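Report on one structure; see the data block that follows.
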Amino acid sequence: ATYQLQHGHRGYQGILKHILNVSVTDLKKNYERLDVSFDLWKGESDAQPYIPDMVKYLKDNGYAYIDDGALVVDVKEESDTKEIPPCMILKSDGASLYNTTDLATIIERMKLYHPDEILYVVDKRQELHFIQCFRCAKKAKLVEDDTRLTFLGFGTMNGKDGKPFKTRDGGVMRLEYLLDEINEEMLKKITENQKEKENLDISEEEAKQTAKTVALAAVKYGDLSNQASKDYCFDIERFTSFEGNTGPYILYTIVRIKSILKKYTAKNSLPDVPILGAHSASEKNLMLVLSRFNAMMENAYEEKAPHKICAYIYELANAFNGFYHETKILSEEDFKVQASYIGLLVLTKNILETCIDVLGFSAPDRM
């Protein structure tokens with residue numbers, strides 16, 4: 001059936017088209033909830049037209065040969081410490097494989113976009129597959145000598161038992177159910193928080209919207225705060241907590257700063273004065289953490305490591321809260337000192353908001 005599908009069987013192609021429509025429509029709904037969008041939606045089948053010419057090119061130029069009925073390209077290198085099998089291009093029945101479509105996709109990308117670098121964000125267990133594909137692409141000159149092909153392998157999201165995350169019924173957890181569960185948990189916590197503080201002027205609609213914003217932060221921060229290649233346990237109770245290394249804690253800190261600035265600007269305009277030298281150890285610590293922002297961001301970019309941004313904003317939120325608990329900001333009588341504190345708050349808020357924007361979520365005005 002695979003062979004017939006790949007070689008133009010109209011019935012099978014019609015079924016595939018239907019499956020793709022259903023799948024992509026549903027995927028887009030989930031991605032919308034995660035505030036994620038893509039410029040291009042391409043599937044394996046989009047690479048199919050490039051395969052015949054590629055196979056001919058690999059044969060004609062002596063890169064590919066028949067081994068046990070299958071068409072393969074040798075990709076092992078002298079420096080290899082472990083066995084790297086040949087890259088199989090066609091099975092003995094002529095059907096193509098992942099190798100085939102991934103190489104054809106590289107041809108398509110080079111032709112349409114001529115990128116400097118192509119990043120593959122895929123399960124880390126696929127590493128051998130990509131070693132074979134990348135070597136084959138380089139050897140057969142499907143890419144330029146200086147085109148970078150990078151594999152970013154990631155781990156699995158597991159339940160508290162260390163096994164892949166499951167629903168209460170035992171099936172693997174679907175993303176939409178996970179998002180629903182976290183939304184519910186967040187709404188419950190925000191409603192309880194309001195009752196405790198007797199903060200009853202927040203409408204039900206605002207509470208729902210805030211819960212959505214905070215739930216998104218809980219999911220994204222919970223996922224991105226782990227090094228991508230490592231497996232981790234997804235613990236809803238921990239990820240939705242307002243304390244500790246969590247998305248809601250980061251948002252709570254931003255909301256706290258917004259609240260102080262709102263009270264200050266009700267009576268004054270924001271000061272346009274330089275930030276003074278530190279008046280306490282906690283203020284100095286906050287300044288030092290803020291000063292590391294540029295270097296951290298460059299490093300996170302170079303290493304493709306969003307967990308480094310998470311680690312930084314957690315440290316920054318802790319440094320700010322330490323300063324906040326020790327400092328009387330709004331009741332400071334010296335105007336210049338108070339203005340300096342406010343400048344420091346604005347800088348902290350801007351850096352925290354820049355970081356969470358890069359991570360793909362935002363903060364509400366209150367929670």
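Values below: every heavy atom of this structure, side chains too, minus hydrogens, waters and symmetry copies. All values reported here derive from a predicted model rather than from experimental measurement.
Taking a 6.0 Å sphere around NE2 of H18, one finds it holds 12 or fewer heavy atoms contributed by other residues, nucleotides or ligands. Dense packing is recorded around CG of N61, with more than 12 heavy atoms of other residues, nucleotides or ligands lying under 6.0 Å away. Around the CD atom of E117, the shell of radius 6.0 Å holds more than 12 heavy atoms that belong to other residues, nucleotides or ligands. More than 12 non-hydrogen atoms from other residues, nucleotides or ligands lie less than 6.0 angstrom from CG of D93. At most 12 non-hydrogen atoms from other residues, nucleotides or ligands lie less than 6.0 angstrom from NZ of K336. By the 6.0 Å contact criterion, CG on D231 is enclosed, its count of non-hydrogen atoms from other residues, nucleotides or ligands being greater than 12.
The existence of a salt bridge linking D46 and K42 is excluded, since no basic side-chain nitrogen approaches an acidic carboxylate oxygen closer than 4.0 Å. Using a cut-off of 4.0 Å between Lys/Arg side-chain N and Asp/Glu carboxylate O, K29 and E176 are scored as not salt-bridged. Classification of D68 and K91 as a salt-bridged pair fails, no side-chain N sitting under 4.0 Å from a carboxylate O. Ion pairing of E243 with R238 is absent here, as no side-chain N (NZ or NE/NH1/NH2) approaches a carboxylate O to less than 4.0 Å. Under 4.0 Å is where a charged nitrogen must lie from a carboxylate oxygen, and between R125 and D123 at least one such pair does. Taking 4.0 Å as the cut-off between side-chain N and carboxylate O, K76 and E83 do not count as a salt-bridged pair. Ion pairing between K349 and E353 holds under the 4.0 Å rule for side-chain N and carboxylate O.
Looking at T327, L347, N321, T348 one by one, the single match for side-chain contact (heavy atoms from CB on, under 4.5 Å) with L286 turns out to be T348.
Contacts of H307 classified as ring pair (Phe, Tyr, Trp, His ring centres under 6.0 Å), with partners at least two apart in sequence or in another chain: none. Every residue two or more places apart in sequence or in another chain was checked for a side chain to side chain donor-acceptor pair (under 3.5 Å) with K17, and none qualifies. Not counting sequence neighbours, K212 has no partner by the side chain to side chain donor-acceptor pair (under 3.5 Å) test. Not counting sequence neighbours, D145 has no partner by the side chain to side chain donor-acceptor pair (under 3.5 Å) test. Residues meeting the side chain to side chain contact (heavy atoms under 4.5 Å, CB included) test with A228, sequence neighbours left out: F154. The side chain to side chain contact (heavy atoms under 4.5 Å, CB included) search around A363 returns L251, I254, K258, I356, not counting sequence neighbours. For N318, the side chain to side chain contact (heavy atoms under 4.5 Å, CB included) partners at least two apart in sequence or on another chain are Y249, Y314. Listed by chain and residue number, Q227 satisfy the side chain to side chain contact (heavy atoms under 4.5 Å, CB included) test with K230 (two or more places apart in sequence, or in another chain). In this view, E283 satisfies the salt bridge (Lys or Arg N to Asp or Glu O under 4.0 Å) rule with no residue, not counting sequence neighbours.
One distance of note links CD1 of I309 with CG of N299; it measures 10.0 Å at 0.5 Å rounding. For the atom pair CG of L5 and OH of Y12, the computed distance is 9.0 Å after rounding to the nearest 0.5 Å. Expressed to the nearest 0.5 Å, how far OG1 of T100 lies from CE of M54 amounts to 5.5 Å. Summarising the geometry, atom CE belonging to M110 is positioned 9.0 Å from atom CD1 belonging to I106; distances are rounded to the nearest 0.5 Å. Note: Y252 OH to I257 CD1 = 13.0 Å, rounded to the nearest 0.5 Å. Distance check: L58 CG to I89 CD1 gives 5.5 Å after rounding to the nearest 0.5 Å.
Between the side chain of D26 and the main chain of V22, no donor-acceptor pair closer than 3.5 Å is present. Although no hydrogens or angles enter the test, the distance criterion places a donor-acceptor pair under 3.5 Å between the side chain of T246 and the main chain of S241. Listed for the S225 side chain is a donor-acceptor partner under 3.5 Å among the backbone atoms of Y221. Between the side chain of S340 and the backbone N or O of I275, no donor-acceptor pair lies under 3.5 Å. Between the side chain of S259 and the backbone N or O of V255 there is no donor-acceptor pair closer than 3.5 Å.
When every heavy atom of I51 is checked against every heavy atom of T101, the shortest pair comes out as CD1-CG2, 4.0 Å. In plain terms, the two heavy atoms of L344 and M287 that are nearest each other are CD1-CG, 4.0 Å.
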Inset, instruction - Would you please test S96 and Q48 for side-chain contact (heavy atoms from CB on, under 4.5 Å) and show each step? - result: CA-CA 9 Å; S96 54; Q48 214 64 43; 3.7 Å; yes
Legend entry - Test log, rule side-chain contact (heavy atoms from CB on, under 4.5 Å), inputs E77 and I84: CA-CA 8 Å; E77 293 173 1; I84 304 290; over 6 Å; no
Inset, instruction - Check step by step if side-chain contact (heavy atoms from CB on, under 4.5 Å) holds for K111 and E108. - result: CA-CA 5 Å; K111 185 180 172 188; E108 183 193 40; 5.8 Å; no
Inset, instruction - Test ring-ring contact (aromatic ring centres under 6.0 Å, His included) on Y341 and H279 and set out the steps. - result: CA-CA 10 Å; Y341 288 161; H279 301 82; 5.7 Å; yes
Inset, instruction - Apply side-chain contact (heavy atoms from CB on, under 4.5 Å) to the pair D102 and F130, showing each step before the final yes or no. - result: CA-CA 9 Å; D102 274 337; F130 285 104; 3.9 Å; yes
Legend entry - ring-ring contact (aromatic ring centres under 6.0 Å, His included) evaluation trace for F134 with F151: CA-CA 9 Å; F134 294 171; F151 171 64; 7.3 Å; no
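Cluster partners of Y65 are V72, M88, L97, counting Ile, Leu, Val, Met, Phe, Trp and Tyr whose side-chain heavy atoms approach within less than 4.5 Å, directly or via other members. The other residues sharing a hydrophobic cluster with L112 are L40, Y113, where clustering joins ILVMFWY side chains under 4.5 Å apart.
For residues 2-16, no residue pair satisfies the salt bridge (charged side-chain N to carboxylate O under 4.0 Å, His left out) rule, not counting sequence neighbours.
There is a path of hydrophobic side-chain contacts, each under 4.5 Å, that joins L90 to Y57. Side-chain heavy atoms closer than 4.5 Å link hydrophobic residues (I, L, V, M, F, W, Y) into clusters, and following such links, possibly through other members, connects F320 to L330.
Contact annotation: the side chain of I313 never approaches that of I351 to less than 4.5 Å [non-hydrogen atoms, C-beta and beyond].
Ring geometry for F38 versus W41: interplanar angle over 60°, hence perpendicular rather than tilted (30 to 60°).
Side-chain contact annotation: N294 with E298, donor-acceptor N/O pair under 3.5 Å absent.
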